[in-house]
Protein chains: 2
Amino acid sequence: MLTPAQQRTLDFIRQYYAREGFAPTLAEITLGLGISSKGSMHKQVQALAEAGAIHLTPGRKRGIELIDEVESQALTIPLLGRIAAGHPIEAIPDQENLNIAEFLLGPGRFALLVQGDSMIDAGILDGDTVIIRRQETADDGDIVVALIDDESATLKRFHRRVGNKLELAPENKSLRPLVFEAHRVRIQGVLVGQLRTY
Amino acid sequence: MLTPAQQRTLDFIRQYYAREGFAPTLAEITLGLGISSKGSMHKQVQALAEAGAIHLTPGRKRGIELIDEVESQALTIPLLGRIAAGHPIEAIPDQENLNIAEFLLGPGRFALLVQGDSMIDAGILDGDTVIIRRQETADDGDIVVALIDDESATLKRFHRRVGNKLELAPENKSLRPLVFEAHRVRIQGVLVGQLRTY
DNA sequence: GAGGATAGAGAACATTAGGAGAACATTCAA
DNA sequence: TTGAATGTTCTCCTAATGTTCTCTATCCTC
């Protein structure tokens with residue numbers, strides 16, 4: 001069971017690794033998390049290693065290795081091909097199976113049931129399930145789950161605005177974007193998937 | 001069994017854990033449930049531990065661990081609750097995990113990649129994956145994969161028309177429904193799911 | 001009403017987690 | 001070979017947090 005600081009650290013290492021292709025240094029982690037002591041960070045990283053979340057090669061620079069999560073079990077469905085109105089189904093070479101687990105499961109993800117039509121123009125309907133990856137920051141244009149005033153949650157498209165303000169825009173022509181001071185909004189995660197059953 | 005207050009507490013802990021990746025503090029639970037005494041909450045949490053619903057590490061901060069019904073953990077994703085613009089995330093009773101497998105997989109199912117915008121008003125966008133169950137008949141109003149003249153395939157909404165005719169209707173205001181003699185159309189399957197990744 | 005079970009308030013206290021920062025050791029690339 | 005970059009090991013600090021009390025207030029059943 002990870003502590004909050006450990007979880008933040010792990011999330012940062014994962015993101016860094018995904019972005020750069022190699023592990024961060026202690027100094028980079030401290031910087032990324034707004035801490036100033038790499039000694040303290042060393043403690044965190046050690047704790048992560050003991051918890052089995054990462055593997056460390058002592059002394060080595062950038063010596064952090066991520067430990068693969070439980071291998072995603074085979075959860076595949078045959079992918080027949082591409083369908084476009086008015087054409088035959090076109091087979092997709094070298095990809096006869098779709099691994100759903102790989103698409104939707106992963107560390108730090110959770111699902112939410114969407115209620116309401118505010119994202120309908122983005123193809124997210126009332127009753128759909130969305131898959132969210134937990135993270136506290138977002139890029140401009142991401143669809144995020146945001147907590148406003150630590151109270152009401154909402155799924156909206158995220159934009160930065162001048163003057164330390166944020167815009168949360170629904171994808172529905174009949175609704176208007178909302179603009180908030182940055183400090184009132186806490187991002188809880190970004191949309192990584194969506195699914196629906198009939 | 002659990003008392004109502006214990007159930008509320010457990011639900012909150014589950015939701016918090018899925019969202020944050022670590023357990024809440026007593027103070028956070030009390031706050032989340034609208035209570036003001038962490039001493040009382042301590043009692044609740046102790047009771048939950050005795051009931052076997054959670055595991056506690058005494059003295060430790062955020063020392064609550066959820067007890068997994070391990071099962072097919074690799075195939076499930078925590079379902080936090082229902083999100084509606086402007087409300088807190090509302091927990092869904094008795095459904096804290098979503099099993100992706102049973103959600104989308106099943107006998108006789110296959111996937112297709114959608115190309116084009118002909119079903120956009122049904123929330124099916126260009127690039128989405130749809131899950132189809134193989135069957136040769138369909139009910140009025142189903143969305144089906146149909147083969148026309150044994151040649152071109154298409155994903156459309158299916159309607160019966162008088163005179164042994166069938167209508168295949170796109171869900172896109174700028175496109176018109178097509179009507180065929182029944183013998184020209186062969187239904188290959190009906191839409192049972194849809195998914196999208198970002 | 002008595003008595004138990006359940007909820008909660010709130011105060012006092014003890015411990016932990018997270019962090020600062022200095023000093024030192026090691027790695028690695030030029 | 002060498003020095004900057006980076007990891008390691010300390011010691012110290014403190015706010016955040018768990019623990020333990022004692023009191024109240026409802027319910028419910030008998």
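Here is the naming used below: chain letters follow the sequence lines, and residue numbers restart at 1 for every chain. Values below: all heavy atoms of this structure, side chains included; hydrogens, waters and symmetry mates excluded.
Distances shorter than 4.0 Å separate some side-chain N or O of B:Ser36 from OP1 or OP2 on C:dG10. Contact between the side-chain N/O atoms of A:Arg8 and the OP1/OP2 oxygens of C:dA17 is not found at any separation under 4.0 Å.
To the nearest angstrom, C1' of C:dG19 lies 15 Å from CD1 of A:Ile29. To the nearest angstrom, P of C:dT6 lies 16 Å from CD1 of B:Ile35. Distance A:Gln46 CD to D:dT8 C1': 8 Å, rounded to the nearest Å. One atom, CG of A:Leu31, and another, P of D:dG7, lie 13 Å apart when rounded to the nearest Å. When rounded to the nearest whole Å, the span between CZ of B:Arg62 and P of C:dA17 equals 11 Å. Atom-to-atom, CZ of A:Phe22 to C1' of C:dA29 comes out at 15 Å; the value is rounded to the nearest Å. In this structure, A:Gln6 places its CD atom 15 Å from P of C:dT16, rounding to the nearest Å. Rounding to whole angstrom units, CD of residue B:Glu28 and P of D:dG18 are separated by 8 Å.
Nearer to the 5' terminus of DNA chain C, by closest-nucleotide assignment, is the contact made by B:Pro4 (compared with the other of B:Lys61 and B:Pro4). With DNA chain C read from its 5' end, the first of the two nearest nucleotides for B:Gln44 and A:Lys38 is the one closest to B:Gln44.
At a threshold of 4.0 angstrom between heavy atoms, the contacts of A:Leu26 include nucleobase atoms, whether or not backbone atoms are also involved. Backbone-only engagement by B:Gly59 is indicated by non-hydrogen atom pairs under 4.0 Å involving sugar-phosphate atoms exclusively.
Residue-environment remark: OH (A:Tyr17) stays at or below the threshold of 12 foreign heavy atoms within 6.0 Å. Within a 6.0 Å radius of CZ in A:Arg161, other residues, nucleotides and ligands contribute more than 12 heavy atoms. For CD of A:Glu136, the number of neighbouring non-hydrogen atoms (other residues, nucleotides, ligands) closer than 6.0 Å is 12 at most.
A salt bridge links B:Arg196 and B:Asp128; the closest N-O separation between the charged side-chain nitrogens and carboxylate oxygens is under 4.0 Å.
With distances taken from any side-chain atom of B:Arg60 to the nucleotides C:dG19, C:dA9, C:dA17, the minimum falls on C:dA17. Distance from the side chain of A:Thr3 is smallest to C:dA17 among C:dG10, C:dA17, C:dA20.
When only modelled atom types and interatomic distance are considered, B:Asp11 and B:Gln7 share a side-chain donor-acceptor pair under 3.5 Å.
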